[in-house]
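Because only heavy atoms are used, hydrogens play no part in the values below, and waters and symmetry mates are left out as well, while side chains stay in. Per chain, numbering begins at 1; letters A, B, ... match sequence-line order.
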2 protein chains.
Amino acid sequence: MINENINTIRGVGGNASECCDTVEVHEELLNIVNSTMPEETELYDLAELFKVFGDSTRIRILFVLFEAEVCVCDLAAALNMTQSAISHQLRILKQNKLVKSRREGKSVFYSLADAHVRTIIAQGREHIEEE
Amino acid sequence: MINENINTIRGVGGNASECCDTVEVHEELLNIVNSTMPEETELYDLAELFKVFGDSTRIRILFVLFEAEVCVCDLAAALNMTQSAISHQLRILKQNKLVKSRREGKSVFYSLADAHVRTIIAQGREHIEEE
DNA sequence: TTATCATATGAACAACTATTCATATGTTTA
DNA sequence: TAAACATATGAATAGTTGTTCATATGATAA
C-alpha cells in the first residue's frame with residue numbers, strides 16, 4: 001500500500017467541503033511544495049531526460065546498445081531505418097549523456113554511457129508489465 | 001566501466017573497414033536484435049510511459065503527490081496553473097496508472113498509484129546530477 | 001589529389017502535444 | 001428544485017518533435 005503514512009491535504013476543518021473554497025492555498029501544502037520540490041532547472045532537466053526515453057526509435061537504439069557496441073550504419077540496418085534518422089537520434093542520446101561514441105576509421109561506434117539507462121528502462125518495463 | 005564484456009559488432013575480418021560495406025547486416029547483430037529486443041507493442045508502451053514523465057508539469061504534480069494526497073484545485077493552486085490544465089495532465093497520469101483518484105464529496109483526491117514512479121524519477125535525478 | 005565510404009547536420013514538413021477557453025458532468029447546499 | 005462549487009472534457013491553437021532530403025564533414029584508399 002502506497003501513501004500509508006502520507007496525509008491528505010485538507011482545510012482546517014478537515015472535511016472535503018473546506019478543500020477548495022479558501023482563498024489562500026493551504027499552508028501545509030505550500031510548505032511541502034516549497035521544501036521538497038526541486039529547482040525549476042532540475043525539473044526542466046528531468047523532463048528533458050525522460051523525453052529522450054519517450055521515443056521508440058531511441059528506445060530501440062538503447063536496447064541494441066545494451067548488448068553491443070555498434071556503428072551507425074549497422075544500427076540503421078538492424079533497425080531498418082535511414083542513417084540520417086539514426087544519426088539524429090544518436091545526437092540526442094549523446095547530448096543527454098546516455099550514449100558515448102568512439103571513432104575508428106570511417107566508422108563511429110556507439111555504446112552506453114551510463115548505468116542508469118538500464119535501471120530506468122528496467123523500471124519502466126516492470127511498470128508496464130504489471131497486470 | 002560499462003560494456004566491459006560486451007563485444008563490438010564488426011564484419012568477419014574484425015576491422016572497421018569491413019563494418020558497413022557488406023550488403024547483409026552482420027548476422028551476430030541480427031541475432032542480438034531478434035533475441036533481446038522486446039515486442040513492438042512493448043517498445044511502444046515503454047516510450048509512451050516515458051513520454052508521460054517527459055513534461056515538467058506532470059513531473060511537478062508527481063513531486064507534490066510524493067508527499068501528500070491532494071485534490072485537483074489544491075494542485076492547481078500549489079503549482080499556479082489553471083484547474084483545466086492540471087485536470088488534463090492528471091488524466092494522462094491516471095491513464096498510465098501513475099496516479100489513482102478517489103472522490104470525496106465534490107473533490108477528487110489524487111495520489112501515487114505505483115512505487116515505480118519514485119524509482120524512475122530517483123534514477124533520473126541521479127543521472128542528471130552527475131557532474 | 002580524387003573517389004568513395006561513413007557520419008553529421010540544416011531545412012522543411014507532417015504529426016503530435018500542452019495549454020486555454022468554453023462548457024458539460026457530478027456533488028452538495030439552500 | 002435551483003444555485004454554487006469541483007472536476008472533466010472537446011475544440012482550437014501555438015509550440016515542439018521525428019523523419020526525410022540534400023548536402024557537408026571526416027577518413028581511407030586508389
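- The pair B:Lys97-A:Glu130 does not meet the salt-bridge criterion, since no charged nitrogen lies less than 4.0 angstrom from a carboxylate oxygen.
- Residue A:Tyr110 has a polar side-chain atom (N or O) positioned under 4.0 Å from OP1 or OP2 of C:dA8.
- With rounding to whole Å, A:Asn96 atom CG is found 11 Å from D:dT17 atom P.
- Taking both residues in full, the closest heavy atoms of B:Val108 and B:Ser101 are given as CG1-CB, 3.7 Å, listed atom of the first, atom of the second, then distance.
- When side chains are defined from C-beta on, B:Leu29 counts as touching A:Val64, because their heavy atoms get closer than 4.5 Å.
- Across A:Glu67 and B:Ile32, no two heavy atoms sit closer than the pair CB-CG2, 3.3 Å.
- Distance A:Phe53 CZ to D:dT17 P: 16 Å, rounded to the nearest Å.
- Atom NZ of B:Lys94 and atom P of D:dA8 are 7 Å apart (whole Å).
- Rounded to an integer number of Å, the gap from CG of B:Asp74 to C1' of D:dA6 is 11 Å.
- Within the 4.5 Å cutoff, no side-chain heavy atoms of B:Phe66 are placed close to those of A:Thr36.
- Scanning all heavy atoms of the two residues, the minimum distance from B:Ala78 to A:Val33 falls at CB-CG2, 4.0 Å.
- Remark: B:Arg103 is not in phosphate contact with D:dT7, judged by side-chain N or O atoms under 4.0 Å from OP1 or OP2.
- Rounded to an integer number of Å, the gap from B:Leu93 CG to D:dA8 C1' is 15 Å.
- The listed nucleotides are C:dA6, C:dT9, D:dC5; the one nearest the side chain of B:Lys106 is D:dC5.
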Requested in this report: Mark up nucleotides 15-20 of chain C, 5' to 3', with B wherever a protein heavy atom is under 4.0 angstrom from a base atom, S wherever such an atom reaches only the sugar-phosphate, and - elsewhere.
Outcome: --SSBB
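- Taking 4.5 Å as the limit, every side-chain heavy atom of B:Asn96 sits out of range of all side-chain heavy atoms of B:Lys51.
- The distance from atom CZ of A:Arg102 to atom C1' of C:dT7 is 15 Å, rounded to the nearest whole Å.
- Summarising the geometry, the separation between CD1 on B:Ile61 and P on D:dT7 is reported as 13 Å, rounded to the nearest angstrom.
- Taking 3.5 Å as the limit, the base of C:dA8 and the side chain of A:Gln83 contain a donor-acceptor pair of atoms between them.
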